[in-house]
Protein chains: 2
Amino acid sequence: MATTMGRRERKKAQTRRALSNAALRLFSEHGYDGVTVAQIADEADVSIATLFAHVPDGKEALIFDDGAERHVWLVAAIRDRPSGQSVLEALRRCLASRGPFTEDLPPDLRRKRDLIVGTPALREYSRKLWIAGEGALAAAIAAESGRDPADMTVRALARYVLEIPELAGTEADPLAAMNAIFDLLESGWPTSPMDARRDPT
Amino acid sequence: MATTMGRRERKKAQTRRALSNAALRLFSEHGYDGVTVAQIADEADVSIATLFAHVPDGKEALIFDDGAERHVWLVAAIRDRPSGQSVLEALRRCLASRGPFTEDLPPDLRRKRDLIVGTPALREYSRKLWIAGEGALAAAIAAESGRDPADMTVRALARYVLEIPELAGTEADPLAAMNAIFDLLESGWPTSPMDARRDPT
DNA sequence: CTAAGAAACTATAATCACTATAGTTTCAGA
DNA sequence: TCTGAAACTATAGTGATTATAGTTTCTTAG
């Protein structure tokens with residue numbers, strides 16, 4: 001194996017990057033629906049067939065990294081949390097520093113995030129990628145809480161945590177929104193104050 | 001206005017029903033991906049253009065009722081709940097009696113439900129329809145709890161409740177799974193037992 | 001009763017994402 | 001250096017969805 005990994009794989013990564021860049025540039029300029037995959041392939045100087053060989057999930061996947069490294073952060077955040085910190089607290093802090101919740105980003109990443117948040121198709125695909133990590137996250141949570149990873153409670157918590165970016169991402173203050181949701185997940189929905197609240201006509 | 005609503009609208013509803021029936025029959029027989037919209041249009045004896053005039057959301061929408069009457073049940077369940085019953089309890093009971101959670105269904109509805117649960121595209125679209133009611137459900141919850149309908153906590157709860165069918169629908173015992181999730185939403189994730197659970201190497 | 005006019009419908013053609021095929025070039029490794 | 005796999009290409013096709021332009025069918029105001 002060569003210095004990095006052989007010329008072949010280097011070239012492959014290069015065309016993949018060319019596709020990402022072309023797609024991001026064109027999407028930013030003309031909007032997601034205003035660009036055809038043919039134009040993107042052209043801009044990246046590859047054939048359409050090659051484009052789809054690189055992005056089997058289709059047009060939306062073009063500007064996302066292939067890897068499943070999204071939930072790796074979250075799993076690591078749980079496993080490496082400081083002593084005495086709850087699982088949810090670890091997840092809260094981890095999410096707060098990534099994705100749509102931090103304001104200090106390089107302008108290119110900011111533009112990319114805005115594009116995703118502002119384009120339904122991309123937002124949905126982003127959610128799909130997140131949700132794909134549900135099993136891994138559930139396993140991590142189960143490991144720390146001594147439950148079965150297939151326990152529906154664990155799976156539901158994992159799912160609900162992973163939904164947070166899409167849910168809070170469009171709010172005026174995404175960070176505050178995220179914290180509100182975590183509070184809900186930690187404490188549950190307050191049942192008492194409204195139990196008797198029925199207005200008889 | 002005539003007896004029911006004029007021959008025109010009656011015929012319109014008739015073709016819509018013909019499309020639904022054709023789609024359901026063909027999907028059941030050959031699977032969702034094994035049927036083209038052209039075949040469905042043929043079976044219903046209309047043109048493809050007419051098919052799409054009736055189902056603007058596309059192929060997946062064919063077997064679903066157009067109406068937004070899904071969440072109406074939930075909103076009504078909240079508003080009409082017996083005195084002293086919490087909002088979540090009302091939602092729990094309402095969901096338990098509908099959708100994938102009840103076992104005694106006429107065989108045709110059962111087949112339809114199995115088709116939806118077993119077809120990713122249909123499951124996703126079903127979720128989309130549910131989620132579309134998020135605003136209405138949030139409004140109902142807010143009205144009963146004296147909060148702002150735009151409060152992120154309210155929106156999150158609404159969203160999480162609406163996700164339950166997709167989340168619990170594929171479980172071995174959907175009803176038990178649903179109850180577990182409601183318990184989580186009511187009580188929150190138990191933080192205490194695992195706070196100190198850190199294994200120092 | 002009748003004449004607009006709207007609504008539903010039709011055939012046709014086009015666009016676009018995506019797949020399949022078969023062949024070519026290029027790298028990796030024995 | 002030879003061989004096979006991987007990446008790439010052009011080409012053609014499928015299938016969903018939309019646009020266009022025109023036809024039939026109900027509705028309803030006059």
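Sequence lines set the chain letters: A, B, ... in the order given, protein chains first and strands last, and positions in each chain run from 1. Keep in mind it's a predicted model, so treat the numbers as computed, not measured.
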> Starting at CD of A:Q14 and ending at P of D:dC8, how long is that distance when rounded to a whole Å?
Replying inline: 10 Å
> Can you find a side chain N or O atom of A:H54 that sits less than 4.0 Å from OP1 or OP2 on D:dC8?
Replying inline: yes
> Rounded to the Å, how far apart are B:E60 CD and D:dA16 C1'?
Replying inline: 10 Å
>> Taking B:K128 first and then B:E60, would you say they form a salt bridge - that is, a charged N and a carboxylate O separated by under 4.0 Å?
In response: no
> Heavy atoms, side chains only, cut-off 4.5 Å: are A:L122 and A:I63 in contact?
Replying inline: yes
> Going by number, which of residues 25-44 of chain B have a non-hydrogen atom under 4.0 Å from DNA chain C?
Replying inline: none
> Looking at A:E166 and B:R159, does any basic side-chain N land under 4.0 Å from a carboxylate oxygen?
Replying inline: yes
> So which nucleotide from C:dA20, D:dA16, C:dC18 ends up closest to the side chain of A:A49?
Replying inline: C:dA20
> B:D57 near the nucleic acid: base, sugar-phosphate alone, or nothing, with a heavy-atom cut-off under 4.0 Å?
Replying inline: nothing
> Hey, does the Lys NZ or Arg CZ of A:K59 hover above the aromatic six-ring of A:Y32, less than 6.0 Å from the centre and inside 45° of the axis?
Replying inline: yes
>> Rounding to an integer number of Å, can you tell me how far A:R16 CZ sits from D:dC8 P?
In response: 12 Å
> Do A:R8 side-chain and C:dA28 base share a donor-acceptor contact under 3.5 Å?
Replying inline: no
>> I want to check one thing: is the phosphate of C:dT10, taken as OP1 and OP2, less than 4.0 Å away from some side-chain N or O of B:S47?
In response: yes
> Counting side-chain heavy atoms from CB outward, which of C:dA11, C:dT19, D:dT9 is closest to A:V46?
Replying inline: D:dT9
> Closest to the B:K59 side chain: C:dC18, D:dT17, C:dT10?
Replying inline: D:dT17
> Rounded to the Å, how far apart are A:F52 CZ and D:dC8 C1'?
Replying inline: 16 Å
>> In this structure, how many angstroms lie between the P atom of D:dT9 and the CG atom of A:L51, rounded?
In response: 10 Å
>> Checking contacts here: which listed nucleotide (C:dA17, D:dT27, D:dT9) is nearest the side-chain heavy atoms of B:R7?
In response: D:dT27
>> Nearest whole Å is fine: how far is D:dC26 C1' from B:R10 CZ?
In response: 11 Å
> Rounded to whole angstroms, how far apart are NZ on B:K12 and P on D:dT27?
Replying inline: 13 Å
>> Judged by each residue's nearest nucleotide on DNA chain D, which is more toward the 5′ side, B:P56 or B:K11?
In response: B:P56
>> Nearest whole Å is fine: how far is C:dC16 C1' from A:I48 CD1?
In response: 9 Å
> Passes salt bridge (Lys or Arg N to Asp or Glu O under 4.0 Å), B:E89 versus B:R92? Steps please.
Replying inline: CA-CA 5 Å; B:E89 187 57 30; B:R92 185 201 296 252; 3.5 Å; yes
> side-chain hydrogen bond (donor to acceptor under 3.5 Å, both in side chains) with B:D57: which residues, sequence neighbours excluded?
Replying inline: B:Y125
>> Just to verify, what does B:D151 make a salt bridge (Lys or Arg N to Asp or Glu O under 4.0 Å) with, not counting sequence neighbours?
In response: B:R147
